[in-house]
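Shown next, in structure tokens, is the structure this report addresses.
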Amino acid sequence: MMPLGGWSDEPQEFPTEDDDGIFIPESELLAWHKKMQGIHPRVFTPEDKLFGEDHGQHHYGTQLATCFDDDPNKPMHCEVKGSKWESQSPMFKYVDNREPMYVVLIGGEISQIHLTSAHEEGGWNKVGHNNTKRSVRSEDDERKLVDANEEGIDSTDCINCDACGKPGPSKKCSSCQTAYYCNLKCHQNHEMMHRQDCQTGVWILKEANAAQLDTEDDLNMMPLARAQKLLSKAEDYPDDSKTRHDLCGDGLDAIELHEVDYLGGTGVEDVQTLYIKAQLMEMDGRHGLEAIETAKKLVAIDASIRSNVHSRTPTMQSEFAASIVLAGAYGRAEKWEDAMHLYKDLYTKIYDSVPNATPPEQRKIIMGMSRCLYELGMYEPSIELGFCAVEMNRTFPGVYKYIALSEKARGNMDEAVKLAGHAVLYESPWNEHNKAAAKTFYKKISTQQRNMQQIANHSTGHILLLGIDDDLFKTCFGKDASWSCKIKSLPENCTRDVLDKALSEPDLISVAFQDFDTHYQRLKQYFFQGGFLVYFGIYGEYTAPGQLSRDLKMGPWSFSAYTNHEYKLTHKALEKLGNKITEQQYTKGNLVKAPVIDRLMVPKGVSFEEYKEENCDSGEDDYEEQVKKAPASYESYINRLGEQSPLVMHKASHGGEVLYLGFVNGDGNVPSIVRALLSRNHSTITTEP
């Protein structure tokens, strides 16, 4: 047996009975702790004490006070037998590759536990050096639990107790805030199983709190280090938030400064710089094809270095990292099929490569596949993969979002609301920005659920046609029997009093009109009061979209074309309607240019092969040059088509909505879609051939 103080600096194996009575010298422990305070000041803060705040505790003779005791009347003994160094923990990643552990005897078996965790407040009591045989239950047990109710969510009925599995737990762990229990008894029964996850959560919480404290030294950092720090901060903010955009923009500015000052502006980029740059561009989400090209360059350089066995050039630690960034860039550009193809390729390599993908990389790949499948309308596999990511880490930001959206798209609104509640209660509670985004998502889903329930129960609701020919309208979009609500009409020359009375009826759902001359000012009032207007643009004026845009203060809409096309629904429409509907063929369509967020349908372009055949003339001398330029011109063609829509819908911040209805007859789906939009009853959509 090695004498006291004779421990080797090499990582040791799991403890055995031979470790009984051997302790790390106090001087070594204090030296290690001081070193950690210098390396990890956010975790080991200056006021932290290695052996805790309680000066009555003894670092060689302590005993667990609360863990492992299923029955307070028959406590399980946990006796400290020694202490030793263990190899680097994957949770804490201490850079000197070792960590002090207590060797303990629990229930007659030798085990070990982190020394730093042992001295947390309320965790251990003084018992003397190896001289106790019974554990003491802490009087502070109740302090380890807090109320589980969360502002912004109706109740905790959507989740189950982590100990007994019953729904609606009323308490949660106060330390990590990610485990939920019915009561103190459930907490005690689960504490041994939860301890390791709790330690991870506490460490992340410390890191997150420390990251909020900006220091003047940030601006004095080297540009590349500053870019890395800004990247880490940006990860804490939701997608498309202004703060994330600003942080990524500042990070890219720092990268540009680094390239000029340290790389001489030569255009040569080392792998580390390119990796940070690609991540910032992908996370920002506003760089489109440029982000994709940057990520492709990163993948190519990394692969080139790895293929050269004699190269001494530093490369990425993981062979997955660069490709994950590229897949994310494809997704940001809404190239979902390209992203899915790459994610699938990575997924097949997760366990085949040496070394394997890390757990965070595995989670990113699986979550990325789930998102792509949702965007491509493949909801069941999206849900299945999404739950795989949940099993890996239910506290990761955004892990529930696309499972919930997929359930919503399938029409399972109750399940979607439940999963949105999971996001509020489980996902990174230490991150206030993510928590706020999760609450907003929950509110949106639950509001949609309530609206659908109200519509389903509102059998007397009606649509008002103002100055629109009833027969024309019903010929285009179905007779009364096809609607889930009644259709009423008023002539264009009705009096203001008659219109006011009609607009004040409580069961009015929407108002369709096509004339800006009569009663338009009153309709604008209705819109700004939260009403739903439908402009019947089939035979409307070409200037109508621009006038609607100006008068209703809703952004740039303008007339685009009058044409025939085959169309497809946008992702917004699929999310709104909750169904995967086939392409549509119209006889006529007034197309409108509108912001992407307002478009519900867009023309479906021909395939690339068809485009190339039409636009590349094999009889011309420059045929090869035409073929070479075809991919870029095809992408431009698709983008131009995507700017046009026969069906656009805008929702203002005050709740008012306006729908531009710019097409005539189509196939069996089209009237169904319009009926669903105008009556707000999306369950009525059919998909007849």
Side-chain angles (χ1 to χ4, degrees), residues 447 451 454-455 457-559 590 592 594 598 600 646-664 671 674-681:
T447 299
N451 289 342
Q454 290 173 2
I455 291 167
N457 297 330
H458 204 83
S459 58
T460 59
H462 71 274
I463 298 168
L464 176 64
L465 304 182
L466 181 60
I468 296 176
D469 182 84
D470 293 39
D471 291 336
L472 170 63
F473 189 86
K474 293 174 182 177
T475 298
C476 291
F477 306 115
K479 304 296 182 182
D480 287 347
S482 303
W483 293 78
S484 61
C485 58
K486 296 178 181 178
I487 300 176
K488 298 181 180 180
S489 61
L490 286 177
E492 185 179 334
N493 59 356
C494 69
T495 65
R496 175 65 179 265
D497 290 343
V498 171
L499 178 60
D500 284 343
K501 182 179 180 182
L503 294 179
S504 64
E505 292 190 27
D507 61 348
L508 178 62
I509 299 173
S510 60
V511 180
F513 74 104
Q514 63 178 357
D515 185 1
F516 288 98
D517 296 329
T518 309
H519 301 307
Y520 179 50
Q521 294 302 317
R522 179 65 184 92
L523 294 180
K524 283 169 57 178
Q525 293 178 6
Y526 175 72
F527 169 77
F528 285 113
Q529 292 168 354
F532 182 11
L533 291 181
V534 180
Y535 181 74
F536 197 61
I538 293 175
Y539 301 116
E541 302 174 11
Y542 292 169
T543 57
Q547 185 169 354
L548 287 169
S549 180
R550 290 189 302 273
D551 293 346
L552 304 184
K553 300 179 175 59
M554 63 183 193
W557 281 14
S558 62
F559 185 79
N590 279 348
V592 174
D598 292 342
L600 297 183
L647 190 65
V648 287
M649 189 170 187
H650 177 82
K651 182 171 183 177
S653 58
H654 50 68
E657 292 179 275
V658 58
L659 175 73
Y660 180 90
L661 193 59
F663 57 79
V664 188
V674 176
R675 289 196 298 270
L677 290 170
L678 270 62
S679 64
R680 299 184 186 274
N681 189 348

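Sequence positions, counted from 1, serve as the residue numbers for this chain. Everything quoted here is computed from the prediction, not taken from an experiment.
- The closest side-chain heavy-atom distance from I487 to H462 is not below 4.5 Å.
- When atom types are taken as modelled, the side chain of E657 and the backbone of L533 share no donor-acceptor pair closer than 3.5 angstrom.
- Side-chain atoms of D598 do not come within 3.5 Å of backbone N or O of V648 as any donor-acceptor pair.
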- Message: Determine whether N493 and T518 satisfy the following criterion, side-chain contact (heavy atoms from CB on, under 4.5 Å), listing intermediate values before the conclusion.
- Response: CA-CA 7 Å; N493 59 356; T518 309; 6.0 Å; no
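- Remark: K488 NZ to D507 CG distance equals 5.5 Å, nearest 0.5 Å.
- Applying the side-chain hydrogen bond (donor to acceptor under 3.5 Å, both in side chains) test to R522 and every residue at least two apart in sequence or in another chain returns D500.
- To the nearest 0.5 Å, atoms OH (Y526) and OG (S510) are separated by 7.0 Å.
- For the pair F516 and Q547, the minimum side-chain heavy-atom distance is below 4.5 Å.
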- Message: Using side-chain contact (heavy atoms from CB on, under 4.5 Å), reason through F532 and V511 one step at a time and then give a plain yes or no.
- Response: CA-CA 6 Å; F532 182 11; V511 180; over 6 Å; no
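- In this structure a side-chain-to-backbone donor-acceptor pair under 3.5 Å is present from H519 to C494.
- Counting heavy atoms from C-beta on, the side chains of I538 and F663 never come closer than 4.5 Å.
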- Start with the C-alpha distance between L600 and L659, add both sets of side-chain angles, then the distance that settles side-chain contact (heavy atoms from CB on, under 4.5 Å), and finish with yes or no. CA-CA 10 Å; L600 297 183; L659 175 73; 4.1 Å; yes
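- How far NZ of K486 is from CD1 of I463: 13.0 Å, rounded to the nearest 0.5 Å.
- Considering all non-hydrogen atoms of both residues, V658 and F527 come closest at N-CE1, 4.1 Å.
- With sequence neighbours excluded, the residues forming a side-chain hydrogen bond (donor to acceptor under 3.5 Å, both in side chains) with S489 are D470, listed by chain and number.
- Atom CG of L661 sits about 10.0 Å away from atom CG of N590, to the nearest 0.5 Å.
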- Task: Determine, step by step, whether L523 and L466 satisfy the side-chain contact (heavy atoms from CB on, under 4.5 Å) criterion, reporting the C-alpha distance in whole Å, the side-chain angles of both residues, the deciding distance to 0.1 Å, and the verdict.
- Result: CA-CA 10 Å; L523 294 180; L466 181 60; 4.0 Å; yes
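- Put simply, CG on D469 and CD on E492 are 12.0 Å apart, with the number rounded to the nearest 0.5 Å.
- Rounded to the nearest 0.5 Å, atoms CG (L508) and CG (L464) are 6.0 Å apart.
- The two residues G461 and C485 make their nearest non-hydrogen contact at O-CB, 3.0 Å.
- Two rings, from F513 and Y535, have their centers less than 6.0 Å apart.
- Relative orientation of the H650 and W557 rings is perpendicular, given thresholds of 30° and 60° on the angle between their planes.
- Looking at Y520 and D551, their side chains do bring a donor and an acceptor atom within 3.5 Å of each other.
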